[in-house]
Amino acid sequence: MESLSPGFRGRRRGVADRLPPGQYPTEGFPVLSAGPTPQVTTDNWGFTLTTEKGQAHRWGWDAMMALPQEEPVVDIHCVTRWSKFDTRWRGAPMDAFLEGVETEAAHAMFESYGGYSTNVPLADLRNGQAWLVHTFDGYPLTPEHGGPARMLIPHLYFWKSAKWVRGVRLMPDERLGFWEQMGYHHYGDPWREQRIRGD
């Protein structure tokens with residue numbers, strides 16, 4: 001029997017298998033935002049996780065970089081219908097931020113420098129599904145793409161991967177973030193085409 005070369009993972013899925021309904025693939029990385037790009041440096045960046053009881057857990061840049069770091073390679077899907085395959089990131093998994101945190105919350109609200117927010121079920125942040133990333137394709141994340149740090153939640157439409165993230169608030173009940181209040185879907189599953197409320 002022939003041996004398999006290192007890194008062999010079986011037959012690669014075709015484009016049709018990886019492209020959610022209504023999406024088109026792109027080699028570029030379009031920049032979309034609702035307002036001015038915040039200019040945040042690693043010296044003044046911070047991330048705060050606040051539980052539903054008001055307990056705050058804080059990380060500065062060095063503390064975040066000292067957490068376990070992972071390098072996810074994922075497909076991302078924008079609600080404006082583009083998809084980008086095999087994007088390469090580096091960052092800390094949300095599991096590391098949630099480790100040891102006592103909470104009975106079911107929902108989370110990400111808050112960004114510049115006032116943006118987006119809601120996500122807490123279950124979607126656990127078990128290797130979400131990261132706080134600082135590197136894209138081997139380089140520090142640029143401000144227009146959410147640098148110095150943004151969320152990466154690739155199984156949801158990309159507006160859920162909040163740019164310029166500064167914190168997450170855990171909540172017992174669901175509240176709607178910026179785009180969700182404007183009529184976007186509260187969850188945002190690209191495979192179910194959950195673009196706007198009612199989809």
Rounding to 0.5 Å, atoms CG (N127) and CG (D95) come to a distance of 6.0 Å
Residue set satisfying side-chain contact (heavy atoms from CB on, under 4.5 Å) with Q55, at least two apart, ordered chain then number -> T51, H57
Would you say L122 ends up clustered with V165 if hydrophobic residues are merged whenever their side chains have heavy atoms under 4.5 Å apart, either directly or through other cluster members? yes
Calculate, to the nearest 0.5 Å, the distance between atoms NE2 and OH belonging to H145 and Y139 respectively. 14.0 Å
Minimum heavy-atom separation for I153 and D124, please, with both atom names. CG2-O, 4.3 Å
Can you hop from V74 to V133 via hydrophobic side chains spaced under 4.5 Å? yes
Indicate, with yes or no, if M109 and L152 share a hydrophobic cluster defined by side-chain heavy-atom contacts under 4.5 Å among Ile, Leu, Val, Met, Phe, Trp and Tyr. no
Is it the case that the side chain of D189 and the backbone of Q194 share a donor-acceptor pair, with hydrogens and angles ignored and the cut-off at 3.5 Å? no
Side chains of E104 and P172: closer than 4.5 Å at any heavy-atom pair? no
Would you check if Q23 and K84 make a side-chain contact, meaning some heavy-atom pair closer than 4.5 Å? no
At their closest point, which heavy atom of A105 faces which heavy atom of E52, and how far apart are they? N-OE2, 3.4 Å
Dump the intermediate steps for side-chain contact (heavy atoms from CB on, under 4.5 Å) on R192 and H185, then the final yes or no. CA-CA 11 Å; R192 297 168 66 186; H185 198 277; over 6 Å; no
Rounded to the nearest 0.5 Å, how far does CH2 of W131 lie from CE of M94? 12.0 Å
Does any part of the side chain of M151, heavy atoms only, come nearer than 4.5 Å to the side chain of L132, both counted from C-beta? yes
Nearest non-hydrogen partners of P143 and W164, listed with the distance: O-NE1, 2.7 Å
Set of side-chain contact (heavy atoms from CB on, under 4.5 Å) partners for Y184, sequence neighbours left out: V79, W159, W179
Given side chains that start at C-beta, do those of Y113 and N44 come closer than 4.5 Å, heavy atoms only? no
Is there side-chain contact between T135 and L141, with at least one heavy-atom pair below 4.5 Å? no
Test item: S83 side-chain N/O and P25 main-chain N/O as donor-acceptor pair under 3.5 Å: no
Carboxylate-amine/guanidinium proximity below 4.0 Å for E180 and K160: yes
Verify the neighbour count for atom CE of M65: are there more than 12 heavy atoms of other residues, nucleotides or ligands below 6.0 Å? yes
Membership question, hydrophobic clusters at under 4.5 Å side-chain separation (ILVMFWY): are V120 and M171 in the same one? no
Between the side chain of E70 and the main-chain N/O of W89, is any donor-acceptor distance below 3.5 Å? no
Testing the basics here: between A96 and P68, what is the closest heavy-atom pair and its distance to 0.1 Å? CB-CD, 4.1 Å
Under 3.5 Å, side chain of Q69 to main-chain N/O of L67, donor-acceptor pair present? yes
Qualifying residues under side-chain hydrogen bond (donor to acceptor under 3.5 Å, both in side chains), relative to R166, sequence neighbours excluded: none
Take atom CZ of R169 as the centre, draw a 6.0 Å sphere, and report whether it contains more than 12 heavy atoms from other residues, nucleotides or ligands. no
Does the side chain of T142 come within less than 4.5 Å of F29's, by heavy atoms? no
Hey, mind stepping through Y157 and E193 against side-chain contact (heavy atoms from CB on, under 4.5 Å) and telling me if it holds? CA-CA 9 Å; Y157 278 124; E193 294 195 84; 4.3 Å; yes
Output the distance between atom CZ (F158) and atom CG (D75), rounded to the nearest 0.5 Å. 11.5 Å
Side chain proximity check, E174 to Y187, heavy atoms < 4.5 angstrom: no
Among T37, T118, V31, side chain to side chain contact (heavy atoms under 4.5 Å, CB included) partner for K163: V31
Out of curiosity, L125 CG to H107 NE2, how far, rounded to the nearest 0.5 Å? 11.5 Å
In the single-linkage hydrophobic clustering (I, L, V, M, F, W, Y; side-chain heavy atoms under 4.5 Å), do F47 and V101 co-cluster? yes
Which heavy-atom pair separates V168 from A108 by the least distance, and what is that distance? CG2-CB, 3.7 Å
Which distance, rounded to the nearest 0.5 Å, do you find between the CD of E102 and the NZ of K53? 7.5 Å
Shortest non-hydrogen separation from L19 to Y24 and the atoms involved: CD1-C, 4.0 Å
Going through the checks in order, is the side-chain contact (heavy atoms from CB on, under 4.5 Å) test met by N119 and R175? CA-CA 7 Å; N119 58 290; R175 288 171 37 217; 5.9 Å; no
For the backbone of H155 and the side chain of Q129, can you confirm whether one donor and one acceptor N or O come within less than 3.5 Å of each other? no
Is the side chain of E111 donor-acceptor paired with the backbone N or O of G167 at a distance under 3.5 Å, no angle test? no
For the residue pair W59 and L49, establish whether any side-chain heavy-atom pair is separated by less than 4.5 Å. yes
